[in-house]
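Presented below is the structure to which this report refers.
Residue numbering restarts at 1 for every chain, and letters A, B, ... go by the order of the sequence lines. Owing to the predicted nature of the structure, the values given are computational and were not obtained by experimental measurement.
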There are 2 protein chains.
Amino acid sequence: MAVTSRDVARLAGVSQPTVSRALRDDPRVSEDTKRRVRESAALIGYVPSEAGRALSSGHTRRIGLLVTDLDNQFYAHIIAPVHQELERLGYQLMLHTESVDNETVAERLISNGLDGVILATTTVDSVAPLRLRDRGLPFIYFNRTASFVPADATTAAPTAGFVAAATAVRDLGHTRIGAVLGPSNTSTAQAREIALRAALADCGLRLEQDYVRRGPFNTVSGDEATTSLLNLQRPPTVIFCGNDVVAYGALNAARRGGVIVPDDLSVIGFDNLPAADWPIIELSTIAYDLVGMARAAAGLIVGRIENPGSEVSHVEFETAFIQRGTLAAPMSR
Amino acid sequence: MAVTSRDVARLAGVSQPTVSRALRDDPRVSEDTKRRVRESAALIGYVPSEAGRALSSGHTRRIGLLVTDLDNQFYAHIIAPVHQELERLGYQLMLHTESVDNETVAERLISNGLDGVILATTTVDSVAPLRLRDRGLPFIYFNRTASFVPADATTAAPTAGFVAAATAVRDLGHTRIGAVLGPSNTSTAQAREIALRAALADCGLRLEQDYVRRGPFNTVSGDEATTSLLNLQRPPTVIFCGNDVVAYGALNAARRGGVIVPDDLSVIGFDNLPAADWPIIELSTIAYDLVGMARAAAGLIVGRIENPGSEVSHVEFETAFIQRGTLAAPMSR
DNA sequence: CTTCGTAGTGTATGCGTATGCACAAGCGAA
DNA sequence: TTCGCTTGTGCATACGCATACACTACGAAG
């Protein structure tokens, strides 16, 4: 059924290895032979077998991208640029999720003949880094930093964004500050919390314990946490959210509860996803070059694969605050 | 570097084929041997090589999902259920996009050692079906029907949803009906246009030529098309959108133009994506079991692979109209 | 006591490609 | 004329696993 390089060889009147070399543009093959081989290959519709190639060469030019959850808009948005950049570099993307247990995920990553893995999951306690390291399979962290196992990483440095946001919040006269933070076992949530608290402190503001909620980085969680904050006797007038997706949930909670944004409640996100700029959302948020970060991740893993000895690098993206409709001076006292 | 089945065999004191059989739970291997093999494999951390397995067995248990565009929320939402269902069936997902040219896409699908492909792109003029058929690689259509090449397909039958929507629209007193339809070279957009026109006709309503716009199934396109409709001297009081993502764009256009939804303009989508139900969106839309459709697609392609002779089937999902905040009686005359 | 079936395992081989090495032809320099 | 080098190609083989087939041991049936 399948057309093999041997079939092409027979047709072109050369040996099978010559076909292999000709199609990969090996300089040792004459131009004339290359042309003949290419023509023969095209004629019978030859397409090299990935399996054969992988088994023989030991690599697949295939990169795994492990994400927590595909329903999440954040992950949905990074897939495209990672995919695109990998394509440009001559690699293919293989998507993996954490839908099964920890060990099984690691095993799948290993057994799939991947050349490298981008870990875009946030949880610190995953076994994947350990297993991948033991197996000698290159990997990098996306939007998180190393836990126990060091590796290249891309992150957004939250400080600058939060400093600007906290300043804006103070200048508008907010004093009751709320926060819906990400899960505390993620390096991302930890870094953002530290930066947020420091920025607020610099502005003479404080994040009271009662005004803090924590939960996964998704919309439903943001909705519930915000509902809980709005039910307080003296609810916060502004809520910093772990990321934009959480902030969408905060906006939903406010709308459902008849709380007017931004008059009664201001909301601030993190990530500046495309929808944050939609006229029907107008989310104030901490922005950074997410697409660039995704591209950088693709570059990092490919670099790690093709240049294994290179020093471990941490690519940080600067953040900035973007003020939109969801932030204004508090109207109620 | 890599641990092979031969290493396990040596450790367990059996032959390599016995390892292969034991780990795949072949009934011809004694329980005692299986246990010994499993223990040895675990001890040295053996994970079977996909490449070896693929080359030897001729299949990879890997399914390709070809989507138009990953930025699009519609595609982002189907990936998760397809992935999950394939996982349940013992297959893995390999994502592909149309980011490169037509022929290259087809070639990639073929060369990747996929066992089957789900074509979730809408365009009728893709060469992928032809190439896949020629190669004998099983494939199915998702959310579209066959063009030239027949194959299993899953679609949503738009009629019931549009009949209910048109009825609601008429009962509310709308007479100036607008539409932002999908690209006319997609079977999906064609089917929806026919169903919409028929439903409107049944209600004594008409879709005037001036009130129709067409464009790709994305938010920016919906925004632009709606802006254009709103600039008409007598703009429509309700706009049917090709799908929800387009409808988000319509809502954005209205908000930017100071047009109040639903008082000045009603908006109706198609797909009932999760965000349609958000309090800050409240999109009226034609709903169907999108997750079920994605699951069905996974089931169809696996069925086609494991049972190649079976008759071609077309799984249609029924639609219903869900009225939410974006639809009301027109206030202006 | 022979024959046969069955359970369990090993042997041999193939899948399609890449690559180390051998080899032939051609050419320039000594 | 010979030697050594370059260029282009073929030969042999390896990659890791699955599978057809062969084989052994053993118990049941005749």
Do [X] and [Y] sit within salt-bridge range, that is, some charged N less than 4.0 Å from a carboxylate O?
| X | Y | answer |
| --- | --- | --- |
| B:Glu107 | B:Arg131 | no |
| A:Arg35 | A:Glu39 | yes |
| A:Arg62 | B:Glu50 | no |

- Query: Does B:Ser30 or B:Ser56 map to a spot on DNA chain C nearer the 5' end, using the closest nucleotide for each?
  - Reply: B:Ser30
- Message: For B:Gly13 and A:Val19, find the nucleotide of DNA chain C closest to each by heavy atoms; which residue's nucleotide sits nearer the 5' end?
- Response: B:Gly13
- Message: Can you tell me whether the side chain of A:Arg21 and the base of D:dG8 have a donor-acceptor pair closer than 3.5 Å?
- Response: no
- Item | Any donor-acceptor N/O pair under 3.5 Å between C:dA18 base and A:Gln16 side chain | yes
In whole angstrom, give the distance that lies between atom [atom1] of [X] and atom [atom2] of [N].
| X | N | atom1 | atom2 | answer |
| --- | --- | --- | --- | --- |
| A:Arg35 | D:dG8 | CZ | P | 15 Å |
| A:Asp7 | C:dG16 | CG | C1' | 11 Å |
| A:His59 | C:dT19 | NE2 | C1' | 11 Å |
| B:Asp26 | C:dT9 | CG | P | 11 Å |
| A:Leu55 | C:dG14 | CG | P | 16 Å |
| A:Glu50 | D:dC17 | CD | P | 18 Å |
| A:Asn112 | D:dC17 | CG | P | 14 Å |
| B:Leu23 | D:dT19 | CG | C1' | 16 Å |

- Out of D:dC15, C:dT19, D:dC17, minimum distance to the side chain of A:Pro17 belongs to C:dT19
- Message: With no hydrogens and no angle check, just 3.5 Å: does a side-chain donor-acceptor pair link A:Arg36 and A:Ser40?
- Response: no
Given [N], is OP1 or OP2 found less than 4.0 Å from the side-chain N or O atoms of [X]?
| X | N | value |
| --- | --- | --- |
| A:Ser57 | C:dA18 | no |
| B:Thr18 | C:dG10 | yes |
| B:Arg24 | D:dT19 | yes |
| A:Ser5 | C:dT17 | yes |

Just call it for [X]: base, sugar-phosphate, or nothing, with non-hydrogen atoms closer than 4.0 Å on any strand.
| X | result |
| --- | --- |
| B:Arg53 | sugar-phosphate |
| A:Ser49 | sugar-phosphate |
| A:Ser20 | base |
| A:Val14 | sugar-phosphate |

- Task: Evaluate side chain to side chain contact (heavy atoms under 4.5 Å, CB included) for B:Val312 paired with B:Arg304, printing each intermediate quantity in order.
- Result: CA-CA 9 Å; B:Val312 169; B:Arg304 176 58 50 198; 4.1 Å; yes
- Task: Measure from the side-chain N and O atoms of B:Ser57 to the backbone N and O of B:Arg53, and report whether any donor-acceptor pair falls under 3.5 Å.
- Result: yes
- Message: Heavy-atom nearest nucleotide on DNA chain D for A:Arg28 versus B:Val47: which residue maps closer to 5'?
- Response: A:Arg28
